[in-house]
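In what follows, chains are A, B, ... by sequence order, proteins preceding strands, each numbered from 1.
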There are 2 protein chains.
Amino acid sequence: MKKIGIGLDLGGTTMLATAVSEDGRILKQEIRETPAREKAKIILRSIVDLLRLVENWSLSENLEIVGIGLGLPGLVNFTTGVVELMPNFPKMRGFPIIDELKKYFDYKLFYENDASAALLGEYRFGAGKGVDDLICFTIGTGIGGAVLIDGKLLRGPEGFAGELGHITLDPDGPLCGCGNRGCLEALASSSAIVRRAKEIISEGKIKTLLSNYLEREEELNASIIAEEANKGDLLAQKVYEETGKWLGIAIGSLANIFNIYLFLIGGGVASAGDVLFKPMIDETFKRAMPGIREKIKIDRFKLGDNAGVIGASTLPFYAD
Amino acid sequence: MKKIGIGLDLGGTTMLATAVSEDGRILKQEIRETPAREKAKIILRSIVDLLRLVENWSLSENLEIVGIGLGLPGLVNFTTGVVELMPNFPKMRGFPIIDELKKYFDYKLFYENDASAALLGEYRFGAGKGVDDLICFTIGTGIGGAVLIDGKLLRGPEGFAGELGHITLDPDGPLCGCGNRGCLEALASSSAIVRRAKEIISEGKIKTLLSNYLEREEELNASIIAEEANKGDLLAQKVYEETGKWLGIAIGSLANIFNIYLFLIGGGVASAGDVLFKPMIDETFKRAMPGIREKIKIDRFKLGDNAGVIGASTLPFYAD
């Protein structure tokens, strides 16, 4: 009987469940909207339903389910399985999500922070294959981070390590969701990109096609800005240049802290391409120390948006 | 026969050699000036002489020397033992310091970055006893850093990890010795403290007793400024307040990155006391995430200036 792992990537807007083979191939995938603002019990119900779909399909295909792996956003206590903080899920705080799920599934259950799950996906099957020291960023509405040291995830005593989105880069900078000012997340997430574009537009010093979005009251998002930047729009390019610089400052500091050379960038913002990566790479070189900076490589996720769910689904294969 | 380790702490101004018992007590200590600007061979000669003094004393006392441990400043390649970068020792670059020392001593030889040696001293015999996850800063003319994760030093693939003095905190800030701008070291080392005091004095907005130092052309250093701050001098207090804030920003970010709660501060600057620690602790609380910040503790080294040499001297006792 062929073995598979079932996994879930719980996002703030959508949740993704898959059945994945031991060599990292997705055999079945289900997706649905996340009722993120609802009560914990309703979110749980939704997770159970989605996993059940994949479970039933797997059983009907005569596959052996070795376990379930979860990629969870925010801080989930690594020993108790209780949600400490999930910024996009206001009513999940204090919810014993792991114990609750165990009531519905009899398989072995594993979980990681969503960024850690994505890192493991890339490390095992993607752009990080064979590299035992690497750092991942997943950049969307927030910024997740994960660190691999000598082939092992950096967890910290309670599993809260790797909050790379909450490095302070600009002490008096914009307010972050965490309450601090000038975190990387407040400077380089997709929300920060939109905020910065609006700021530049309303300053009015640069006028380009992008400026019209606001006049026409059309919605602006990070992908549109990336598209315009790639078409040559100067305002949009300036926004991505600044975003890339902040990321480069963070990466330079992290390279000095960890002596790590491979940085992988995933999430929606990564698809902006060179308009983001060029300033990011240039800035990293300025910030990292001589002796380290020459060896740094910054790449995009190879598994794209599936890195997290592939990493989560294959957790059961790698359990001790 | 009682066992001892012999160790060296190589500083930019002085070098310290000791014989230390397995329980961390210094039995013999020798100190001399470091000829830091001289050729590598002359520095080596000086190191050999100092270690020889302690070796001879130990032999005369019938002690069993289990090995020699070195605390070395800057980047020394962990596999080759070659100096990659020692900012205060311009002519040491590329020098195979470990192989050279082996020509003079027949004992087992161990080495760590000086900040790592200090961390190990504090972890084994000082303020970090029993705490397996902690971070140390040694703040003098430069800022060294070291990270302990689950009882093990963070080294990175080449032993360069832990360069906590080179986290960028103020992207357009003062120039750092490493070539970057706004590193922690450029903002909170003793040299940064003096520079900042001089800046405030020459701005002339605050006039206190400290302002007279420049008029009288007396030399200003971080200890004098600390002394004045503790006597109530507002200008001096402002300098230490800023210094503490920068350290707090770095500590907050590091707490989020590592999920580490214990931070130990050593080096000359640590002796400033509350004028430094109060703003540092306050700022850390602002910068670290909720759930983490409540548990952070910031303490001074218990072994003081001997943390490094005790850590280095006892390396041979802990070798695999």
With chain B, which of A:G252, A:A161, A:A288, A:G291 has the greatest number of heavy-atom pairs at distances under 4.5 Å? A:A161
Which residue out of A:A250, A:G165, A:G156, A:S253 racks up the most heavy-atom pairs below 4.5 Å with chain B? A:S253
Do [X] and [Y] have side chains that get closer than 4.5 Å, going by heavy atoms?
| X | Y | result |
| --- | --- | --- |
| A:K295 | B:E158 | yes |
| A:P171 | B:D170 | no |
| A:I257 | B:L254 | yes |
| B:I149 | A:I149 | yes |

Looking only at non-hydrogen atoms, find the nearest pair between A:L85 and B:M289 and report the distance.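 Looking at all heavy atoms of both residues, the closest pair is CD2-CE, 4.1 Å.
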Work out which heavy atom in B:F160 is nearest to a heavy atom in A:N259; give both atom names and the distance.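 Closest pair (atom of B:F160, atom of A:N259, distance): N-OD1, 3.2 Å.
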Under 4.5 Å, counting heavy-atom pairs only, tell me which of B:R155, B:R287, B:E283, B:K245 racks up the most with chain A.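 Ranked by contacts with chain A, first place is B:R287.
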With rounding to the nearest 0.5 angstrom, report the OG1 to NZ distance, A:T168 to B:K286.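 Reported value, rounded in 0.5 Å steps: 11.0 Å.
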Output yes when a side-chain donor or acceptor of A:D133 lies under 3.5 Å from a complementary backbone atom of B:P157, and no otherwise. no
What are the residues of residues 173-188 of chain A, in order of number, with any heavy atom under 4.5 angstrom from a heavy atom of chain B?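 So far as heavy atoms go, A:C178, A:N180, A:R181 are the residues that approach chain B to under 4.5 Å.
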At a 4.5 Å cut-off on heavy atoms, which part of A:I167 comes close to chain B: side chain, backbone, both, or neither? both
